[in-house]
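Whatever order the structure lists them in is the order used to number ligands and atoms, beginning at 1.
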Amino acid sequence: MTPYDDIAPAAQGTPTTAPLIDSFGRTVTYLRLSVTDRCDLRCVYCMAEHMTFLPKAEVLSLEELDRIATAFVGLGTRKLRLTGGEPLVRKGMMDLIRSLSRHLASGALDELTLTTNGTRLAEFAPQLASAGIRRVNVSLDTLKPELFRTLTRGGQVAKVLDGIAAAKAAGLAVKINAVALKHDNAAELPELIRWAHGQGHDLTLIETMPMGEVEADRTDQYLSLADVRAELESFWTLTDLPFSTGGPARYVRVEETGGRLGLITPLSHNFCEACNRVRLTCTGTLHTCLGQEDATDLRAVLRAGATDAELAAVIRGGVSVKPKGHDFEIARRQPAVARHMSTTGG
Ligand code: SAM
Ligand code: SF4
């Protein structure tokens with residue numbers, strides 16, 4: 001008898017039905033779950049300086065988040081990433097993580113992971129590790145305290161560095177995510193990569209995506225990773241790696257540092273054919289493409305008292321209309337989608 005034997009199949013997330021397949025034949029096995037729209041930072045490319053956050057009643061409760069995540073696991077989701085907003089500012093977050101980790105223990109889920117800004121990692125890293133989390137993504141665009149404060153509108157880089165060190169000490173693999181910004185960190189990127197690789201962390205660079213209204217002019221912030229790659233190749237040897245996560249990242253090895261570098265170019269279309277992921281906002285809206293407005297309201301279904309079977313059927317319907325590809329175009333001054341990244345979950 002295991003601790004899970006007395007939990008009903010739906011609550012265990014045991015796959016009982018056919019996998020989630022969209023109308024283009026892509027199997028969805030990866031859910032990114034935003035647990036809050038709130039954050040302790042205000043990154044210039046992500047949020048407006050004075051954000052209005054959602055009323056609590058609109059945000060899914062921990063029980064609702066667990067129920068939806070579990071429904072996805074029951075439909076064949078193998079990887080679950082918790083994100084936000086900042087997931088570690090959500091009250092009760094560790095309870096949710098410990099609860100969801102039952103799907104790791106049962107073998108229904110391959111990976112439970114987290115994207116965080118790292119400010120509270122020093123506090124939570126040991127608990128995350130003991131709950132079964134093996135890897136975390138930490139967003140860090142610069143090592144310079146002044147620039148970090150400017151980009152995050154008030155954050156302290158030392159806290160994030162302490163958090164990363166605590167994660168490493170707790171045995172968590174850390175991947176650094178850095179948004180490439182033309183005027184802010186472009187010149188620092190080689191140093192950031194060298195630092196991350198020197199610490200044993202992979203690093204992934206991300207192009208800015210036009211999501212939600214922020215004060216900054218995105219056409220001015222946008223830095224093409226094709227240009228960054230060309231610059232890096234003027235002094236480093238980059239070897240393409242076959243590694244893929246089914247997402248927009250392409251990976252190379254930097255021979256001089258021995259580390260892995262990811263390049264996320266969301267504005268190119270070269271990844272949509274293999275896209276295996278969907279996103280759920282903290283209000284329970286299912287988005288099957290980061291760059292499209294298609295949406296299925298799972299919160300309404302839950303709060304209307306749906307059974308597990310009814311919930312699964314609505315999820316299946318939502319996934320079936322997953323668009324073929326996104327519609328980002330940086331040259332447009334208007335955001336491609338009105339919602340902020342912090343609502344959808346990056
Ligand atoms: N707060 C957590 C963090 O910062 O890691 C998780 C949520 S955050 C929205 C997830 C990722 O989205 C971060 O790596 C962040 O840099 C990235 N991001 C936010 N807005 C973006 C934008 N407009 N374009 C590209 N990446 C963005
Ligand atoms: Fe917060 Fe992450 Fe958005 Fe920065 S990128 S404002 S840390 S949610």
Side-chain angles (χ1 to χ4, degrees), residues 32-51 53-54 81-90 93 113-121 124 135-142 148-157 159-160 163-164 167 174-182 184-185 192 196 201-225 247-249 262-268 277 279-282 287 290-291 326 328-330 332 334-346:
R32 291 195 178 197
L33 185 57
S34 174
V35 299
T36 179
D37 64 326
R38 289 164 198 254
C39 188
D40 52 344
L41 301 180
R42 295 286 184 278
C43 301
V44 290
Y45 46 78
C46 178
M47 291 196 181
E49 186 163 11
H50 302 288
M51 288 288 286
F53 292 110
L54 294 162
R81 176 178 295 283
L82 305 174
T83 179
E86 172 49 37
L88 294 179
V89 304
R90 174 87 199 243
M93 190 57 197
T113 182
L114 199 72
T115 299
T116 173
N117 63 25
T119 59
R120 304 194 68 185
L121 253 188
F124 289 113
R135 299 193 304 142
V136 288
N137 286 1
V138 181
S139 304
L140 178 64
D141 303 330
T142 175
F148 187 86
R149 195 170 306 130
T150 305
L151 288 178
T152 60
R153 298 195 185 96
Q156 293 172 37
V157 75
K159 273 195 189 174
V160 179
I164 292 170
V174 175
K175 179 163 79 76
I176 307 294
N177 282 342
V179 177
L181 299 162
K182 193 162 153 188
D184 296 311
N185 64 3
L192 194 61
H201 310 311
D202 290 347
L203 182 142
T204 292
L205 296 173
I206 310 172
E207 286 176 347
T208 49
M209 289 178 252
M211 297 191 63
E213 288 290 353
V214 294
E215 288 88 348
D217 177 354
R218 279 184 230 273
T219 46
D220 195 41
Q221 287 178 335
Y222 178 72
L223 173 62
S224 155
L225 290 187
L263 302 161
I264 298 192
T265 51
L267 303 186
S268 71
R277 61 198 59 192
R279 291 175 165 81
L280 190 82
T281 69
C282 59
H287 293 293
L290 188 56
H326 62 70
F328 286 135
E329 176 58 74
I330 198 75
R332 289 191 203 154
Q334 298 305 316
V337 288
R339 57 185 194 268
H340 286 91
M341 187 73 111
S342 52
T343 317
T344 312

**OP:** Heavy-atom contacts with Asn117 under 4.0 Å: which atoms of ligand 1 show up? List them by number with element.
**Re:** 2 (C), 3 (C), 4 (O), 5 (O)
Original post:
Going by the atom numbers of ligand 1, which of them fall below 4.0 Å from some non-hydrogen atom of Thr83?
Top reply: 6 (C), 7 (C)
Original post:
Considering only heavy atoms, does Cys46 approach ligand 2 within less than 4.0 Å through its side chain, its backbone, both, or neither?
Top reply: side chain
**OP:** Without swapping roles, check the side chain of Arg120 against the backbone of Gly163 for a donor-acceptor pair under 3.5 Å.
**Re:** no
Original post:
Ignoring hydrogens and geometry, is there a side-chain-to-backbone donor-acceptor pair from Glu86 to Leu41 under 3.5 Å?
Top reply: no
Original post:
Side chains of Ile164 and Ile176: does their closest heavy-atom pair fall under 4.5 Å?
Top reply: yes
Original post:
Is the shortest heavy-atom distance from the side chain of Val160 to the side chain of Asn117 under 4.5 Å?
Top reply: no
Subject >> Minimal non-hydrogen separation, Leu121 against Val138, with atom names >> reply: CD1-CG2, 3.7 Å
**OP:** Go through ligand 1 atom by atom and flag the ones less than 4.0 Å from a non-hydrogen atom of Val179.
**Re:** 16 (O), 26 (N)
Original post:
Is it true that a side-chain atom of Arg42 and a backbone atom of Thr152 form a donor plus acceptor pair closer than 3.5 Å?
Top reply: no
Original post:
Non-hydrogen atoms of Gly85 versus ligand 1: any pair closer than 4.0 Å?
Top reply: yes
Original post:
Within the side chain of Arg90, is there an N or O that forms a donor-acceptor pair under 3.5 Å with the backbone of Thr36?
Top reply: no
**OP:** Take every heavy atom of Gly84, measure it against each atom of ligand 2, and state whether any distance is under 4.0 Å.
**Re:** no
**OP:** For Thr116, take its heavy atoms, then give the atoms of ligand 1 lying under 4.0 Å from any of them.
**Re:** 2 (C), 3 (C), 5 (O)
Original post:
For ligand 1, is Glu207 a contact, meaning one of its heavy atoms is under 4.0 Å away?
Top reply: yes
Subject >> Backbone or side-chain N/O/S of Cys39 under 2.8 Å of atom 1 (Fe) of ligand 2 >> reply: yes
Original post:
What are the atoms of ligand 1, with element, lying closer than 4.0 Å to any heavy atom of Thr208?
Top reply: 24 (N), 25 (C)
**OP:** Using distance alone, determine whether Asp141 and ligand 1 share an N or O pair under 3.5 Å.
**Re:** no
Original post:
So, is Glu86 polar-close to ligand 1, with some N/O to N/O distance under 3.5 Å?
Top reply: yes
Subject >> Expected output: side-chain Asp37 to main-chain Phe53 donor-acceptor under 3.5 Å >> reply: no
Original post:
Any nitrogen or oxygen of Thr115, main chain or side chain, under 3.5 Å from a nitrogen or oxygen of ligand 1?
Top reply: no
Subject >> Atom of Met47, atom of Cys39 and distance for their closest heavy-atom approach >> reply: CE-CB, 3.5 Å
**OP:** Mind listing the closest non-hydrogen atom pair of Leu54 and Cys282 along with its distance?
**Re:** CD1-SG, 3.9 Å
Original post:
Numbering the atoms of ligand 1 from 1, which are under 4.0 Å from a heavy atom of Cys46?
Top reply: 19 (C), 20 (N)
Subject >> Atoms in ligand 1 flagged as close to Gly84, the criterion being non-hydrogen separation under 4.0 Å >> reply: 7 (C), 9 (C)
